[in-house]
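Sequential numbering from 1 along the given sequence is applied to the chain's residues. Quick note: numbers below take in every heavy atom, side chains included, and nothing from hydrogens, waters or symmetry partners.
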Amino acid sequence: DGDASTPPPDAPVAVKEAVMPFNRFQTTEGHSVDTLLGPEMRSTGEVMGLSASFGIAFAKSQTASYGSLPKSGTVFVSVANADKRHAILPVQMLADMGFTIMATAGTAAVLRRNGIDVTVVRKRSDGPGPTGEATVVDLILGHQVDLVINTPYSAGGGATIRRDGYGLRSAAIMADIPCITTIQGLIAAVQGISAARKGQVTVRSLQDWGPLMRPVR
């Protein structure tokens with residue numbers, strides 16, 4: 001009934017995810033391609049997560065495409081200035097779930113001012129520390145990071161900043177670690193992780209869902 005703007009209360013939520021083969025492509029110089037999306041069609045397929053709630057559906061879509069979201073471990077955060085304020089709440093939720101938070105200096109300063117316990121790590125352009133402190137790229141390639149959150153700076157951010165972002169996103173691809181590049185994706189991931197930690201991710205056949213996926217007229 002109605003104008004179809006309100007789905008039936010028992011209708012499932014579907015999350016479609018494009019499968020991007022970033023680890024199969026290289027630039028002409030032999031480097032890994034960036035995970036940031038552009039106008040070119042690079043998807044080699046699509047998957048769908050289906051569940052009664054968005055968080056579970058999103059978690060399923062990630063498992064089917066790039067690998068399951070981590071339920072615990074270490075999260076690295078480095079976001080553009082325009083995104084820092086918006087990242088506070090979802091990062092706080094990850095911290096509340098027991099994740100260890102790492103960040104570059106600028107992002108860490110904002111998170112600390114908002115009461116989040118965070119460890120500062122060095123950018124790739126900083127190089128190793130005076131006593132051998134590893135850069136974030138070293139930590140990612142060493143599988144000491146379980147989730148990467150990096151939103152890119154605009155062209156005005158400077159070449160070094162853009163190279164740092166490219167470097168850590170490429171490292172995430174090489175290490176097969178989930179890498180999120182938008183605040184919207186971060187918020188969705190937090191919902192998915194929360195659902196997975198509660199053990200709500202279950203399997204159900206399309207035949208069972210069928211009667212609930214009727215069109216709304």
Side-chain angles (χ1 to χ4, degrees), residues 5-7 9-23 34-38 42-103 107 110-111 114 116 118 140 145-153 165 168-169 171-173 175-204 209 212-213:
S5 61
T6 303
D10 55 353
V13 177
V15 174
K16 183 178 74 171
E17 177 67 277
V19 179
M20 305 290 183
F22 295 117
N23 58 348
D34 204 339
T35 58
L36 298 181
L37 299 183
R42 294 176 178 169
S43 174
T44 55
E46 295 174 337
V47 296
M48 181 176 70
L50 198 64
S51 186
S53 69
F54 173 78
I56 304 174
F58 184 83
K60 285 183 175 182
S61 73
Q62 301 307 293
T63 298
S65 55
Y66 301 109
S68 300
L69 294 168
K71 297 180 184 178
S72 61
T74 299
V75 178
F76 169 76
V77 187
S78 179
V79 295
N81 290 334
D83 297 321
K84 284 181 171 58
R85 179 169 60 89
H86 304 290
I88 294 169
L89 179 58
V91 173
Q92 178 66 71
M93 295 175 69
L94 290 172
D96 290 343
M97 285 188 271
F99 283 89
T100 298
I101 309 299
M102 292 182 174
T107 300
V110 174
L111 297 178
N114 286 273
I116 300 174
V118 57
I140 293 173
V145 176
D146 300 286
L147 178 65
V148 172
I149 301 164
N150 173 245
T151 63
Y153 279 78
L168 66 90
R169 292 189 296 270
I173 293 174
D176 197 24
I177 295 172
C179 181
I180 297 170
T181 58
T182 65
I183 293 298
Q184 294 87 346
L186 169 59
I187 294 170
V190 169
Q191 295 182 62
I193 291 170
S194 178
R197 286 169 56 89
K198 295 175 182 177
Q200 298 174 348
V201 180
T202 58
V203 177
R204 186 173 179 180
W209 284 113
L212 299 178
M213 293 193 289

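Residues Val190 and Pro90 come closest through the heavy atom pair CG2-O, 3.7 Å. Ala103 and Leu111 get closest at one heavy-atom pair: CB-CD1, 4.4 Å. Closest non-hydrogen pair, Cys179 versus Arg169, comes out as SG-CG, 3.9 Å. Contact between Thr181 and Pro152 at its shortest, heavy atoms only, is O-CD, 3.7 Å. Counting all heavy atoms, side chain and backbone alike, Ala57 lies closest to Val15 at CB-CG2, 3.7 Å.
Legend: residues meeting side-chain hydrogen bond (donor to acceptor under 3.5 Å, both in side chains) with Thr107, ordered by chain and number and at least two apart, are absent. In this structure, the side-chain hydrogen bond (donor to acceptor under 3.5 Å, both in side chains) partners of Ser78, at least two apart in sequence or on a different chain, are Thr104. In this view, Ala87 and Val79, Val91, Ile183, Leu186 satisfy the side chain to side chain contact (heavy atoms under 4.5 Å, CB included) rule, not counting sequence neighbours. Legend: residues meeting side-chain hydrogen bond (donor to acceptor under 3.5 Å, both in side chains) with Asp96, ordered by chain and number and at least two apart, are Gln92. Partners of Pro70 under the side chain to side chain contact (heavy atoms under 4.5 Å, CB included) rule, at least two apart in sequence or in another chain, are Phe99, Asp146, Leu147, Pro178.
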Residues 47-56, side-chain donor-acceptor partners within the protein, below 3.5 Å, at least two apart:
none

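Contact check for Thr100 versus Val75: no side-chain heavy atoms found under the 4.5 Å cut-off. Within the 4.5 Å cutoff, the side chain of Val110 has no heavy atoms near those of the Arg85 side chain. Val203 places none of its side-chain heavy atoms less than 4.5 Å from the side chain of Lys60. When side chains are defined from C-beta on, Ile101 does not count as touching Phe76, because their heavy atoms never get closer than 4.5 Å.
To the nearest 0.5 Å, atom CD1 of residue Ile173 and atom CG of residue Leu168 are 10.5 Å apart. Atom CD of Gln62 and atom CD1 of Ile193 lie 10.0 Å apart (nearest 0.5 Å). The CD atom of Glu17 sits 11.0 Å away from atom OG1 of Thr63, with the distance rounded to the nearest 0.5 Å.
Residue pairs meeting the side-chain hydrogen bond (donor to acceptor under 3.5 Å, both in side chains) criterion with at least one partner in residues 182-198, sequence neighbours excluded, are absent.
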